[in-house]
Chemist: 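Please see the structure below; I have some questions.
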Amino acid sequence: MTEVGERKQAIQSMFNGIARRYDLLNHLLSAGIDVYWRRRALSLVRAPDPRDILDLATGTGDFALAARRLQPDRIVGIDVALEMVRIGVGKIQAGDGSAISVRLLGGDAELLPFADDSFDLVTVAFGARNFGHIPDGLAEAFRVMRPGGELVVLDFTEPTLFGFRQLYNFYFRRILPVLGGIVSGNRKAYSYLPRSVANFPQGQIFIRLLADTGFQDNRETRLTMGICAIYQGFKRG
């Protein structure tokens, strides 16, 4: 197996292992601010009236479900961790009366089972870091996106403000893995989180990856003193 294949397999196994506690820990460890981040990302969508939305690395479907506020015709979420997808499907089945179609599937963001030019909006929330090879994931997003469509990526970044950076890093690298490990029973998974953020191509490096893939009008918006960022790019016709 290749190095990328081994990485994908390890990440799939890790997220399957923490699936039952994943939503609880997301809200607990972020003090609920992750809900605001998703809403903010959706409020910045520039693609006009997206009818078909694809959410990559959808996990338990939080971002896919939140995207219903855009009033599309359909939303599809895809993730390699089937236990996460099963929980998301249960959330959809529990329902809240929405008539908008949301379908969650097992699958690889770097080998999407969709035709070219199938979606108006592609989103990724806290999942691009977990691609086996980030450029391949971006290339697939570009392929399945219609001309005029938009990519929106929401993910953690490392703050730069002196003082806050040190305080945040202490929490993120020392406290969060312990709390996450206690609640989930898997400290390794929550030790992986700060490492994955440190290794993620942030800021202008990620903007360049978007440009190299073919996306245009790329931009970055930092949130909450720089601990999270929204990246956006268009596929022009």
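Basis for what follows: all heavy atoms, side chains included, without hydrogens, waters or symmetry-related copies.
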Chemist: Among residues two or more places apart or on two chains, list those pairs meeting side chain to side chain donor-acceptor pair (under 3.5 Å) that have a residue in residues 7-21.
Modeler: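 Qualifying pairs, neighbours excluded: K8-D108.
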Chemist: Taking all non-hydrogen atoms of both residues, which atom of L138 and which atom of L151 are closest, and how far apart?
Modeler: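 That would be CD2-CD2, 3.9 Å.
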Chemist: For the pair D23 and K91, evaluate side chain to side chain contact (heavy atoms under 4.5 Å, CB included) and give the outcome as yes or no after the intermediate values.
Modeler: CA-CA 11 Å; D23 285 344; K91 288 156 68 171; 2.9 Å; yes
Chemist: Using side-chain heavy atoms (C-beta onward) and a distance below 4.5 Å, is F126 in contact with F63?
Modeler: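 A side-chain contact under 4.5 Å is absent here.
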Chemist: Suppose the criterion is salt bridge (charged side-chain N to carboxylate O under 4.0 Å, His left out): which pairs have a residue in residues 39-48, not counting sequence neighbours?
Modeler: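 Listed once each, the pairs are R46-E150.
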Chemist: Once rounded to the nearest 0.5 Å, what's the spacing between atom OG of S184 and atom CE of M14?
Modeler: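 Between atom OG of S184 and atom CE of M14 there are 10.5 Å.
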Chemist: In this structure, would L193 and L167 fall into the same cluster of hydrophobic residues linked by side-chain contacts under 4.5 Å?
Modeler: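 Per the 4.5 Å side-chain linkage, L193 and L167 are not co-clustered.
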Chemist: When you check the side-chain N and O atoms of N130 and Y192, is any donor under 3.5 Å from an acceptor?
Modeler: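 Y192 and N130 do have a side-chain donor-acceptor pair below 3.5 Å.
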Chemist: Sort and list the pairs that fulfil ring-ring contact (aromatic ring centres under 6.0 Å, His included) and have at least one residue in residues 127-153, not counting sequence neighbours.
Modeler: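 Found F142-F215.
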Chemist: Between L223 and V197, is there a shared hydrophobic cluster once you connect ILVMFWY residues whose side-chain heavy atoms come closer than 4.5 Å?
Modeler: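 Yes; V197 is reachable from L223 via cluster members.
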Chemist: Flag the pair L54 / L112 as yes when at least one side-chain heavy-atom distance between them is below 4.5 Å, and no otherwise.
Modeler: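 Heavy-atom side-chain distance check passes, below 4.5 Å.
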Chemist: What is the minimum heavy-atom distance between D55 and A125, and which atoms define it?
Modeler: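 Closest approach of D55 to A125: OD1-N, 4.4 Å.
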Chemist: Do I18 and Y190 touch side chain to side chain, with heavy atoms closer than 4.5 Å?
Modeler: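 Yes, close enough: below the 4.5 Å cut-off.
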Chemist: So, R165 side chain and F162 main chain: donor-acceptor pair closer than 3.5 Å or not?
Modeler: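 Checking the backbone N and O of F162 against the side chain of R165, no donor-acceptor pair under 3.5 Å is found.
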Chemist: By the definition side chain to side chain contact (heavy atoms under 4.5 Å, CB included), identify the one residue from M84, E83, R86 that meets it with T60.
Modeler: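 Considering M84, E83, R86, a side chain to side chain contact (heavy atoms under 4.5 Å, CB included) with T60 is found only for M84.
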Chemist: Do other residues, nucleotides or ligands put more than 12 heavy atoms under 6.0 Å from the CD atom of Q166?
Modeler: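 Yes, the 6.0 Å shell around CD holds more than 12 heavy atoms from other groups.
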Chemist: Can you name the closest pair of heavy atoms from P72 and I100 and give their distance?
Modeler: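 Residues P72 and I100, closest heavy atoms: O-CG2, 3.7 Å.
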Chemist: Is L70 reachable from W37 through a run of I, L, V, M, F, W or Y residues, each pair having side-chain heavy atoms under 4.5 Å apart?
Modeler: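 W37 and L70: one cluster.
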Chemist: Let me check something: any side-chain donor-acceptor pairs from residues 75-82 under 3.5 Å, sequence neighbours excluded? List them with distances.
Modeler:
from : atom 1 : to  : atom 2 : distance (Å)
D79  : OD1    : A81 : N      : 2.8
D79  : OD2    : T58 : N      : 3.2
D79  : OD2    : G59 : N      : 2.7

Chemist: Which residues satisfy the side chain to side chain donor-acceptor pair (under 3.5 Å) test with N169, sequence neighbours excluded?
Modeler: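 N169 satisfies side chain to side chain donor-acceptor pair (under 3.5 Å) with no residue once adjacent residues are dropped.
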Chemist: Might you point out which heavy atoms bring L44 and Q232 nearest each other, and give the distance in Å?
Modeler: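 Closest approach of L44 to Q232, heavy atoms only: O-NE2, 2.8 Å.
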Chemist: Can you sort out the partners of D117 under salt bridge (Lys or Arg N to Asp or Glu O under 4.0 Å), two or more places apart, ordered by chain and number?
Modeler: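 D117: salt bridge (Lys or Arg N to Asp or Glu O under 4.0 Å) contacts with K235.
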Chemist: Could you check whether any side-chain N or O of D120 sits under 3.5 Å from a backbone N or O of D52, counting only pairs where one atom can act as donor and the other as acceptor?
Modeler: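 Yes, the answer is positive, given that a donor and an acceptor are paired below the 3.5 Å cut-off.
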Chemist: For D73, give me all partners under side chain to side chain donor-acceptor pair (under 3.5 Å), at least two apart in sequence or on another chain.
Modeler: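 Result, side chain to side chain donor-acceptor pair (under 3.5 Å) vs D73: R51.
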Chemist: Any non-hydrogen side-chain atom of L105 less than 4.5 Å from a side-chain atom of F114?
Modeler: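 With C-beta onward as the side chain, the pair touches.
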Chemist: Evaluate I87 against Y22 for side chain to side chain contact (heavy atoms under 4.5 Å, CB included), listing each step before the verdict.
Modeler: CA-CA 10 Å; I87 291 172; Y22 181 78; over 6 Å; no
Chemist: For E110, which residues count as a side chain to side chain donor-acceptor pair (under 3.5 Å) partner, sequence neighbours excluded?
Modeler: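 E110: no side chain to side chain donor-acceptor pair (under 3.5 Å) contacts found.
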Chemist: Within this structure, what is the OG-CZ distance for the pair S30 and F156, rounded to the nearest 0.5 Å?
Modeler: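 If we round to the nearest 0.5 Å, S30:OG and F156:CZ are 7.0 Å apart.
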Chemist: In Å, rounded to the nearest 0.5 Å, how long is the span from OG of S191 to CG of N186?
Modeler: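 Between S191 OG and N186 CG, I get 9.0 Å after rounding to 0.5 Å.
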Chemist: Between L154 and L104, is there shared hydrophobic-cluster membership here, with clusters defined by ILVMFWY side-chain heavy atoms closer than 4.5 Å?
Modeler: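 Yes.
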Chemist: Suppose the criterion is salt bridge (charged side-chain N to carboxylate O under 4.0 Å, His left out): which pairs have a residue in residues 178-201, not counting sequence neighbours?
Modeler: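 Qualifying pairs: none.
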Chemist: Is the shortest side-chain N to carboxylate O distance from R38 to D34 below 4.0 Å?
Modeler: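 Salt bridge present between R38 and D34.
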Chemist: Applying side chain to side chain donor-acceptor pair (under 3.5 Å), can you list everything that pairs with S196, at least two apart in sequence or on another chain?
Modeler: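 If we apply the side chain to side chain donor-acceptor pair (under 3.5 Å) test to S196, skipping adjacent residues, the hits are R129.
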Chemist: May I ask whether V102 and V45 are part of the same hydrophobic cluster, defined by side-chain heavy atoms of I, L, V, M, F, W, Y residues being less than 4.5 angstrom apart, directly or through others?
Modeler: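 Shared cluster, yes.
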Chemist: Let me see the working for F206 and D155 under side chain to side chain contact (heavy atoms under 4.5 Å, CB included), right down to the final yes or no.
Modeler: CA-CA 11 Å; F206 194 78; D155 220 312; over 6 Å; no
Chemist: Can you name the nearest heavy-atom pair linking I227 to P159, along with the distance?
Modeler: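 Smallest heavy-atom distance, with atoms named: CG2-CG, 3.8 Å.
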Chemist: So which atom in P50 and which in L121 form the shortest heavy-atom distance, rounded to 0.1 Å?
Modeler: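 So the minimum-distance heavy-atom pair works out to CB-CB, 3.9 Å.
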Chemist: Would you indicate whether the side-chain heavy atoms of N218 and Y231 approach each other to under 4.5 Å?
Modeler: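 Of all side-chain heavy-atom pairs linking N218 with Y231, none is under 4.5 Å.
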Chemist: Sequence neighbours excluded and cut-off under 3.5 Å, please list the side-chain donor-acceptor pairs for residues 170-180, or say none.
Modeler:
from : atom 1 : to   : atom 2 : distance (Å)
Y171 : OH     : L29  : O      : 2.7
R173 : NH2    : E158 : OE2    : 3.2

Chemist: Is there any ring-ring contact (aromatic ring centres under 6.0 Å, His included) pair reaching into residues 68-89, and which pairs are they, with sequence neighbours excluded?
Modeler: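 Residue pairs with at least one partner in residues 68-89: there are none.
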Chemist: Between I205, I134, T157, which is the residue that forms a side chain to side chain contact (heavy atoms under 4.5 Å, CB included) with F200?
Modeler: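 Testing F200 for a side chain to side chain contact (heavy atoms under 4.5 Å, CB included) against I205, I134, T157 leaves exactly one candidate, I134.
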